[in-house]
Amino acid sequence: MPELPEVETVARGLRRAILGRRIVSVTLGKTDFIDDPVALEQHLPGRSIEAVERYGKFMLLRLSVVNGGGGVPANGDAAPASLLVHLGMTGQLAPSPAAQPCEKHTHVCMLLDDGRELRYTDARRFGRIAYLTEVPLAEELLGFGADPLEVSDVEFAQRIRGRRARIKALLLDQSVLRGVGNIYADESLWKAKIHPARLGANLSAKQAATLRRVLQEILQKAIALRGSSISDFLDAEGEPGEYQRHHRAYGREGKSCYRCKTLIRRAIVAGRSSYFCPRCQPAPRGLKVLPMPGKKRKKS
DNA sequence: CTCGATCCCTGGACGC
DNA sequence: TGCGTCCAGGGATCGA
């Protein structure tokens, strides 16, 4: 489940592996998660990858302007463009030798000028790929919130304490903060001793400041350990991350809290499994969060 | 504004 | 072994 640290890890790996490489040709598999598949086939070949950036959970592969020997390219690629990639739940983007058989669920193959292929595989296809020129890209990125690693104390407090939504929902909301997902939301709330169902507006200034600080510490540490590999996250070198060993809340239902030994519980908050210590992270008064609707099925 | 429900998708876990 | 069922979750969307 690639969140900010995992995406940052992949982006760093790609920078080392494919920067400056030219895309020779593109082969597509299933394309229902690609904005405009034809645009990839038309506009990627001939361009080189000039930069790899991360924006929240997105990666941005900056493409060179094509200038094939003097004239304006026939396909109009004389303007800057980027390949926007979201890994969704199960997406992987990594180079492989072209001779190596493709993994199952490989949906995009970009042959590079050094005999490798940059391949995108994604079993569930919750990811997204889009070829975008400058203006559409800028519009695309407009709606996103602050970078959690950069956000100031004041801005963080404004974005959180000005809202009556649950803090868990706010942390997951990409228009509030870009890049935080379920794992790092739960980890930071545990470390800050804040219950996920608390309302943003009800956090004290001190709690908001603590939350911002621990969120940044956790994200930095997770990046240093190359992300969390829960089920199938692999970086651009095909290696798993290590941060899952440091999880204190996420996925630890029924295990004892590292601080107080109370058993970690799970509840659905903001529509997501949320793990917390019921003692360290006291529930807000009047909380109506059904701790786990049992085996709730579709209503009959 | 905020909420929950629903859908997308497949692999893996689990029950029988 | 093999089936059926449930579940995970980021994000879009829609109705309450």
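Quick note: numbers below take in every heavy atom, side chains included, and nothing from hydrogens, waters or symmetry partners. Letters A, B, ... mirror the listed sequences (proteins, then strands); counts begin at 1.
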Mind calculating the distance between CG (A:Leu87) and P (B:dC9) to the nearest angstrom? 19 Å
With sequence neighbours excluded, residues passing side chain to side chain contact (heavy atoms under 4.5 Å, CB included) with A:His247: A:Ile183, A:Glu187, A:Ser228, A:Ile230, A:Tyr243, A:Gln244, A:Tyr250
Whole-Å distance, A:Arg159 CZ to B:dT2 P, equals 13 Å
Stacked pair A:Phe126-C:dG10, distance under 5.5 Å, angle under 30°: yes
Would you indicate whether A:Glu50, at its atom CD, is surrounded by more than 12 heavy atoms from other residues, nucleotides or ligands within a distance under 6.0 Å? yes
To the nearest angstrom, the CG-C1' distance between A:Leu172 and C:dA12 comes to 15 Å
Can you tell me which residue pairs pass the side-chain hydrogen bond (donor to acceptor under 3.5 Å, both in side chains) test with a partner in residues 143-161 of chain A, sequence neighbours excluded? A:Asp153-A:Arg212, A:Glu155-A:Arg159
Under a 3.5 Å cutoff, is there a donor and acceptor pairing between the side chains of A:Thr90 and A:Arg124? no
A:Arg163 side chain near B:dT2 phosphate (N/O to OP1/OP2, under 4.0 Å): yes
Heavy-atom side-chain proximity of A:Tyr275 to A:Trp190 below 4.5 angstrom: no
N or O in side chain of A:Arg166 less than 4.0 angstrom from B:dG4 OP1/OP2: yes
Nearest to the side chain of A:Ala165, which nucleotide is it out of B:dT2, B:dC9, C:dG11? B:dT2
Mind calculating the distance between NZ (A:Lys168) and C1' (B:dG4) to the nearest angstrom? 15 Å
Tabulate protein N/O versus nucleotide N/O from nucleotides 11-15 of chain B, keeping only pairs under 3.5 Å, one per line.
{"unit_1": "B:dG11", "atom_1": "OP1", "unit_2": "A:Lys104", "atom_2": "NZ", "d": "3.4"}
{"unit_1": "B:dG11", "atom_1": "OP1", "unit_2": "A:His105", "atom_2": "NE2", "d": "2.6"}

When the distance from CG of A:Asp32 to C1' of C:dA12 is rounded to whole Å, what number comes out? 15 Å
Return yes when atom CZ of A:Arg279 has more than 12 non-hydrogen atoms of other residues, nucleotides or ligands closer than 6.0 Å, and no otherwise. no
Cluster partners of A:Leu142, using ILVMFWY side-chain heavy atoms under 4.5 angstrom, listed by chain and number? none
Give the rounded distance in Å between these two atoms: CG of A:Asp35 and P of B:dC8. 19 Å
Side-chain N or O of A:Lys30 less than 4.0 angstrom from OP1 or OP2 on B:dT10? yes
Any non-hydrogen side-chain atom of A:Leu14 less than 4.5 Å from a side-chain atom of A:Leu118? yes
Taking only Watson-Crick and G-U wobble pairs with both distances under 3.5 Å, what dot-bracket line describes DNA chain C, where [ ] shows pairs that cross earlier ones and | shows pairs with another strand? .|||||||||||||||
Verify the contact: side-chain N or O of A:Ser273 to OP1 or OP2 of C:dA8, cut-off strictly under 4.0 Å; return yes or no. yes
Given C:dG10, is OP1 or OP2 found less than 4.0 Å from the side-chain N or O atoms of A:Gln174? no
Students should find that the hydrophobic cluster of A:Leu132, defined by side-chain heavy atoms under 4.5 Å apart, otherwise consists of A:Tyr55, A:Phe58, A:Leu60, A:Leu84, A:Leu137, A:Leu141, A:Phe144
Check: A:Arg163 and A:Asp173 side chains under 4.5 Å, non-hydrogen atoms: yes
Taking only side-chain N and O atoms of A:Tyr250, does any of them lie within less than 4.0 angstrom of OP1 or OP2 on C:dG9? yes
What is the distance from OH of A:Tyr55 to P of C:dG11, rounded to the nearest Å? 13 Å
No-H, no-angle donor-acceptor pair, A:Arg272 side chain to C:dG10 base, under 3.5 Å: yes
Roughly, in whole Å, what's the span from CD1 in A:Ile268 to C1' in B:dG4? 12 Å
